[in-house]
*Asks:* 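Starting off with a structure, shown below.
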Amino acid sequence: MNKRMLAAMLTALLLLSGCSQPLMSPATSNEGTATSVKSEAKTNTSATNSKQTTYPTDDLNLPRVAVELVKAVDGDTISVMFEGKKENVRMLLVDTPETSHPKLGVQPFGPEAKAFTKELVEQADRLELEFDIGPNRDKYSRLLAYVYADGKMVQESLLEEGLARVAYIYPPNTRYVDKFDDLQRISRDQALGIWSVENYAQEDGFHPEKQEGTNKNNSGRKDTAATQAPNENSQESKQGCDIKGNINSKGEKIYHTPESPYYERTKQEQWFCSETEAVQAGFRAPK
């Protein structure tokens, strides 16, 4: 009897010992699951971050038509040889200030936009047009297209330089409007070109009177400053105070050093001798 009880006790102990071993397995399994979830979360986050600067149109491989340049007409219009005929091409979704309008005349930043486009298309080894899915001509019989100079879209370059605004959005010719809106926002935040004058570029077009008013105010301030401290600005410039401080249309204070790609196109409202001085005055570096 004692032998039977002893055998039963030993069997029970062995069973208990065997059952207790796998208790660590679920913990290990959960730990692995947690690690896997974290890894997936990181992957998803990285994927989300990487998609912040990409657009559905980035991977499109759409056909383009090679054309021969005749001349640059304006910042947003060029003349080309297309299918054996001379045609004017109006760039889709952008608008630059005028340079030769019969009523509007020459608008601020119009000559700069024309010169910029002229340089891009004249120096390009290959000039191409890409059409959208809608009408490819406007009411003036001009071709409507996205223009590429050596593979780089001219519309994008104009928006990046602050020399054009997003405009004339007529569906279904809206393929790149989302990307264009983002490029415009960046140049506006940096107060580049047309965005350096508050309220000059608006949804309904350009308003030169805003710049005229700004120039008059600046002139008055300069006259006052000249009376109080003659040649102060020129003296600072000679002493190396060449950092430009600009206030954009949102009231953001941004400074630009000579190394900034937008330095030449930025109109300063204040000179600084160092970045530290600019920061102390409430200005920040461009993003």
*Asks:* Would you name the heavy atoms of P286 and Q190 that are closest together and state the gap between them?
*Replies:*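 Closest heavy-atom pair between P286 and Q190: CB-NE2, 4.1 Å.
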
*Asks:* Using the rule given for side-chain hydrogen bond (donor to acceptor under 3.5 Å, both in side chains), can you reason through T77 versus N88, listing the C-alpha separation, both sets of side-chain angles and the distance that settles it, and then say yes or no?
*Replies:* CA-CA 7 Å; T77 308; N88 280 345; over 6 Å; no

*Asks:* Determine whether a donor-acceptor pair (N or O, by modelled atom type, separation under 3.5 Å) exists between the side chain of Q155 and the backbone of V147.
*Replies:*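 Here the side-chain-to-backbone pair exists.
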
*Asks:* Are V94 and L104 grouped together when hydrophobic residues (ILVMFWY) are joined by side-chain heavy atoms under 4.5 angstrom apart?
*Replies:*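 Different clusters: V94 never reaches L104 through Ile, Leu, Val, Met, Phe, Trp or Tyr contacts under 4.5 Å.
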
*Asks:* Assess whether side-chain contact (heavy atoms from CB on, under 4.5 Å) is satisfied between L69 and E122, documenting all intermediate values.
*Replies:* CA-CA 7 Å; L69 178 70; E122 286 186 351; 3.8 Å; yes

*Asks:* To the nearest 0.5 Å, what is the distance between NZ on K118 and NZ on K71?
*Replies:*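 Reported value, rounded in 0.5 Å steps: 11.0 Å.
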
*Asks:* Any heavy-atom pair between the side chains of C273 and I243 that's under 4.5 Å?
*Replies:*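 They are not in contact (no side-chain heavy atoms under 4.5 Å apart), so the answer is no.
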
*Asks:* Are the side chains of V279 and Y255 in touch, meaning some heavy atoms are under 4.5 Å apart?
*Replies:*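 Yes, at least one pair of side-chain atoms sits under 4.5 Å.
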
*Asks:* Does the distance from a Lys or Arg side-chain N to an Asp or Glu carboxylate O, for R284 and E275, drop under 4.0 Å?
*Replies:*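 Salt bridge between R284 and E275, a charged N being under 4.0 Å from a carboxylate O: no.
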
*Asks:* Taking atom NZ of K86 as the centre, does the number of heavy atoms from other residues, nucleotides or ligands within less than 6.0 Å exceed 12?
*Replies:*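 No, the 6.0 Å shell around NZ holds no more than 12 heavy atoms from other groups.
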
*Asks:* Without swapping roles, check the side chain of T99 against the backbone of V106 for a donor-acceptor pair under 3.5 Å.
*Replies:*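 Checked: no pair found.
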
*Asks:* Can you spot which of V73, V89, V121 makes a side-chain contact (heavy atoms from CB on, under 4.5 Å) with S79?
*Replies:*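 When side-chain contact (heavy atoms from CB on, under 4.5 Å) is applied between S79 and each of V73, V89, V121, only V73 qualifies.
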
*Asks:* Is there a donor-acceptor contact under 3.5 Å from the side chain of T174 to the main chain of V177?
*Replies:*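 Not confirmed, T174 side chain does not pair with V177 backbone.
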
*Asks:* Within the distance-only criterion (no hydrogens, no angle test), does the side chain of R175 pair as donor or acceptor with the backbone N or O of F131 below 3.5 angstrom?
*Replies:*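 The answer is yes, because a donor-acceptor pair under 3.5 Å joins these two groups.
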
*Asks:* When you group the ILVMFWY residues by side-chain heavy-atom contacts below 4.5 Å and let the links chain together, are M81 and L127 in the same group?
*Replies:*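 They do not share one cluster, since no chain of ILVMFWY contacts under 4.5 Å joins L127 to M81.
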
*Asks:* Less than 4.0 Å between a side-chain N and a carboxylate O, is that true for K114 and E119?
*Replies:*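 Looking at E119 and K114, the cut-off is not met.
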
*Asks:* Checking side-chain contact (heavy atoms from CB on, under 4.5 Å) for the pair M91/Y146: CA distance, chi angles, key distance, verdict?
*Replies:* CA-CA 6 Å; M91 299 182 198; Y146 304 103; over 6 Å; no

*Asks:* Residues two or more places apart in sequence or in another chain: which of them pass side chain to side chain contact (heavy atoms under 4.5 Å, CB included) with E128?
*Replies:*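 With neighbours one apart ignored, the set is R64, R126, Y148.
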
*Asks:* Minimum heavy-atom separation for G205 to H207, with atom names?
*Replies:*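 Nearest pair, atom of G205 first, then H207: O-CD2, 3.7 Å.
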
*Asks:* Just do the side-chain contact (heavy atoms from CB on, under 4.5 Å) check on D178 and F180 with the steps written out, would you?
*Replies:* CA-CA 5 Å; D178 291 338; F180 286 9; over 6 Å; no

*Asks:* Parallel, tilted or perpendicular: which fits the ring planes of F109 and Y200, with parallel below 30° and perpendicular above 60°?
*Replies:*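 Because their plane-to-plane angle lies in the 30° to 60° range, the rings of F109 and Y200 count as tilted.
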
*Asks:* With the 4.5 Å side-chain cut-off for hydrophobic clustering, are L144 and F82 part of the same group?
*Replies:*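 Yes, it is one cluster - the side chains of L144 and F82 are joined through contacts under 4.5 Å.
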
*Asks:* Given 3.5 Å as the limit, does a donor-acceptor pair link the side chain of D58 with the main chain of Y55, or not?
*Replies:*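 Yes, because the side chain of D58 sits within donor-acceptor range (under 3.5 Å) of the backbone of Y55.
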
*Asks:* Would you name the heavy atoms of W271 and E277 that are closest together and state the gap between them?
*Replies:*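 W271 and E277 have their closest heavy atoms at O-OE2, 4.5 Å.
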
*Asks:* Looking at CG of L93 and CE of M153, how far apart are the two atoms once the value is rounded to the nearest 0.5 Å?
*Replies:*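 Reported value, rounded in 0.5 Å steps: 9.0 Å.
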
*Asks:* Taking K179 first and then E156, would you say they form a salt bridge - that is, a charged N and a carboxylate O separated by under 4.0 Å?
*Replies:*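 Salt bridge present between K179 and E156.
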
*Asks:* Which heavy atom of S187 sits nearest to which heavy atom of L159, and what is that distance?
*Replies:*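 Taking S187 first and L159 second, the nearest heavy atoms are OG-O, 3.2 Å.
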
*Asks:* Considering non-hydrogen atoms only, spot the tightest contact between T96 and A113 and give its length.
*Replies:*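 For T96 versus A113, the nearest heavy atoms are CB-CB, 3.9 Å.
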
*Asks:* Pair L120, S157 - check side-chain contact (heavy atoms from CB on, under 4.5 Å), show working.
*Replies:* CA-CA 9 Å; L120 282 182; S157 298; 3.9 Å; yes

*Asks:* Could you give the distance from OH (Y176) to CD (E130), rounded to the nearest 0.5 Å?
*Replies:*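 Interatomic distance, Y176 OH to E130 CD, rounded to 0.5 Å: 3.5 Å.
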
*Asks:* Same cluster or not: L129 versus L60, using hydrophobic residues (I, L, V, M, F, W, Y) connected whenever any side-chain heavy atoms lie under 4.5 Å apart?
*Replies:*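 Same cluster: L129 reaches L60 through Ile, Leu, Val, Met, Phe, Trp or Tyr contacts under 4.5 Å.
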
*Asks:* Nearest 0.5 Å, what's the CD1-CD1 distance between I247 and I254?
*Replies:*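 It is 10.0 Å, given to the nearest 0.5 Å.
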
*Asks:* Would you find more than 12 non-hydrogen atoms of other residues, nucleotides or ligands less than 6.0 Å from N61 atom CG?
*Replies:*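 Counting neighbours around CG of N61, 12 or fewer heavy atoms of other residues, nucleotides or ligands fall under 6.0 Å, so no.
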
*Asks:* Once you round to the nearest 0.5 Å, how far does NZ of K85 lie from CG of L143?
*Replies:*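 That separation rounds to 9.0 Å.
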
*Asks:* Is D74 reaching over with its side chain to a backbone N or O of D76, donor-acceptor style, under 3.5 angstrom?
*Replies:*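 Not a single qualifying donor-acceptor pair exists.
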
*Asks:* Taking all non-hydrogen atoms of both residues, which atom of A281 and which atom of F272 are closest, and how far apart?
*Replies:*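 Result for this residue pair: CB-CE2, 3.6 Å.
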
*Asks:* Report all side-chain donor-acceptor pairs from residues 162-173 shorter than 3.5 Å, counting only partners two or more places apart or in another chain.
*Replies:*
residue: R165; atom: NE; partner: D95; partner atom: OD2; Å: 3.2
residue: R165; atom: NH1; partner: Q202; partner atom: O; Å: 3.2
residue: R165; atom: NH1; partner: E203; partner atom: O; Å: 3.1
residue: R165; atom: NH2; partner: D95; partner atom: OD2; Å: 3.2
residue: N173; atom: OD1; partner: G134; partner atom: N; Å: 2.7
residue: N173; atom: ND2; partner: P135; partner atom: O; Å: 2.9

*Asks:* So, the side chain of E161 versus the backbone of F116: is there a donor-acceptor pair under 3.5 Å, distance only?
*Replies:*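 Not a single qualifying donor-acceptor pair exists.
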
